[in-house]
Protein chains: 2
Amino acid sequence: MLYEICEYCHFKSAAVETLDYDELKELEGNCFKTQFSKGDLIFKQDALSSNIIFIREGLVKIHIKGPEREQIIKINKGPTFLGIPTTFGDVINHYSATAITSVNVCFISTETFRRFIYSNGKFAYEILNDLCKCELHTYKYCVNHLQKQGPGRLAEALIYLANDIFDSNSFVIPMTRHELGDLACCSRESVSRLLNELKKDNIIHLDGKKITILNEKLLSQISKRG
Amino acid sequence: MLYEICEYCHFKSAAVETLDYDELKELEGNCFKTQFSKGDLIFKQDALSSNIIFIREGLVKIHIKGPEREQIIKINKGPTFLGIPTTFGDVINHYSATAITSVNVCFISTETFRRFIYSNGKFAYEILNDLCKCELHTYKYCVNHLQKQGPGRLAEALIYLANDIFDSNSFVIPMTRHELGDLACCSRESVSRLLNELKKDNIIHLDGKKITILNEKLLSQISKRG
DNA sequence: ACAAAAATGTGATGCAGGACACATAAAAAA
DNA sequence: TTTTTTATGTGTCCTGCATCACATTTTTGT
């Protein structure tokens, strides 16, 4: 299939868009495409980090094993690079990545990637920019979660899913209540109670994992107030 | 003074070490040195981000205004770049930076910095590496703080100061109890109580802001357990 | 040196939310 | 299908820690 060739790939990142014909050919030769199913572990915390991974399509959760529970740091949605910090920042992965839908990825040789950074300033700049944005997102996530109470954290998680992942106020939560707790940083019981609370107040409509945000404004207020 | 000239500066970062003579000359022409006193605001959250800042000497706290309190994300110790993510990631600063000792900095034109990234792959690579390490640190900080209780968080903050900032088990805490609370994410009252607890158990010696970690192992255990 | 302001310590109180226990429902395996 | 496992809902209890209140100490400004 044509889209299997880097040059014609529909899922190019801004960085890869800066590559010229020869560089794309080189990428093609050092890029291995594969698929993961829902629930598959893509890479594991504390294991040796290996390749640069590019998510073409699908959702991947980034999670860290904490002293108490598993913590979901963020959800990556293709097309995007995955785990650049853990590949360049240390030889050992500082977090795990797990597919939460079926996921289409490319494994790119770290050496090739490094070569592009050395030789193509625009490429380096795009990657750098991504990292900066990512870092800012993490800071925000961090402060929000540290200072808000349960309702605020859950509201934020729901808004995050709606705005950043599904671009819609109506979606199917791609995880269990337990995982939602790992994302919003509260127990699964609290997630249940808080969701029912939101439902009772007509802020969301909820049926199992199917959710619709009815009162975006109010939900956003809950998130902001904490 | 010679050290005022980039070429002879003692405080070069790994990235700046990769610059050649001409590039150092260019840096020299686009680099403005200044000083901040303890307590001075270096840049402010929600203001337009302007220059790349390099800390030559001194301690700077990075903090974000949260819904409840001011949150100290980390402490930057020169020599290091400061606020690259907030300069490249967005036009508006996502956090503030305040001097907590007297601080010696260079303001570097963002344009010059960008030019180096475009034209010098090694420079770009070093910056990228820094960003990755920084991101990993943030993740760790985040999970630790989200899942630990007061004692664990405070223990972690003290170990952070001892290992990463002062390289010594005996140091003068460079901030108030209130700020220590902003770092460890608890109230100033809790900081008081927790410090006294640690003192009573002979894990630390404490006299005002002067602190000595007596039982590093135990403190680390408290931090790990939460 | 003095007054004013800021930082610190300590007790009492209240409550958010985690932990546990159990019932029920949904999904996966047989 | 039936059985087993996993996910979810809901009540009760209990604790960590924020908040308030106030005393005391330290720092800062004049």
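Throughout, a chain's letter reflects where its sequence line sits, starting with A, and its residues are numbered from 1.
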Query raised in the report: What is the nucleic acid contact for A:Thr176, judged by heavy atoms within less than 4.0 Å: base, sugar-phosphate only, or nothing?
Result: sugar-phosphate
Query raised in the report: Is any side-chain N or O of B:Arg177 closer than 4.0 Å to OP1 or OP2 of C:dG9?
Result: yes
Query raised in the report: Atom CG of A:Leu195 and atom P of D:dG9: how far apart are they, to the nearest Å?
Result: 7 Å
Query raised in the report: On a plain distance test, is the side chain of A:Arg69 in donor-acceptor contact with the base of C:dG18 below 3.5 Å?
Result: no
Query raised in the report: What's the NE2-C1' distance between A:His178 and C:dG18, to the nearest Å?
Result: 13 Å
Query raised in the report: How long is the span from the CG atom in A:Leu146 to the SG atom in B:Cys186, to the nearest 0.5 Å?
Result: 11.0 Å
Report summary line: Winner on side-chain proximity to A:Glu189, out of C:dA21, D:dA18, C:dG18, is C:dA21
Query raised in the report: Is it the case that more than 12 heavy atoms not belonging to A:His178 sit under 6.0 Å from its NE2 atom?
Result: no
Query raised in the report: If you check the B:Asn196 side chain, which of D:dT19, C:dA16, C:dT10 turns out closest?
Result: C:dT10
Requested in this report: Classify the nucleic acid contact of A:Lys148 as base, sugar-phosphate or nothing, counting any heavy atom under 4.0 Å across all strands shown.
Outcome: nothing
Requested in this report: Look at the side chain of B:Arg193 against the base of C:dG11 and say whether a donor-acceptor pair falls under 3.5 Å; ignore hydrogens and angles.
Outcome: yes
Query raised in the report: Which of these nucleotides, D:dC17, C:dT8, C:dG17, is closest to any side-chain atom of B:Ser190?
Result: D:dC17
Report task. Figure out the NE2/C1' separation between A:His145 and C:dG17, and round it to whole Å. Result -> 15 Å
Query - Overall bend - the helix from C:dA1-D:dT30 to C:dA30-D:dT1, comparing terminal axes fitted on five pairs, nearest 10 degrees - result: 60°
Report summary line: When A:Gln149 and B:Glu179 are each assigned the nearest nucleotide of DNA chain C, the 5'-most assignment goes to B:Glu179
Report task. Look at the side chain of A:Lys209 and decide which nucleotide, out of C:dT10, C:dG9, D:dA7, has an atom nearest to it. Result -> D:dA7
Query raised in the report: Do A:Arg188 and D:dG9 have a side chain to base donor-acceptor pair shorter than 3.5 Å?
Result: yes
Report task. Report the relative orientation of the aromatic rings in A:Phe113 and A:Phe81; use parallel for angles under 30°, tilted for 30 to 60°, perpendicular for over 60°. Result -> perpendicular
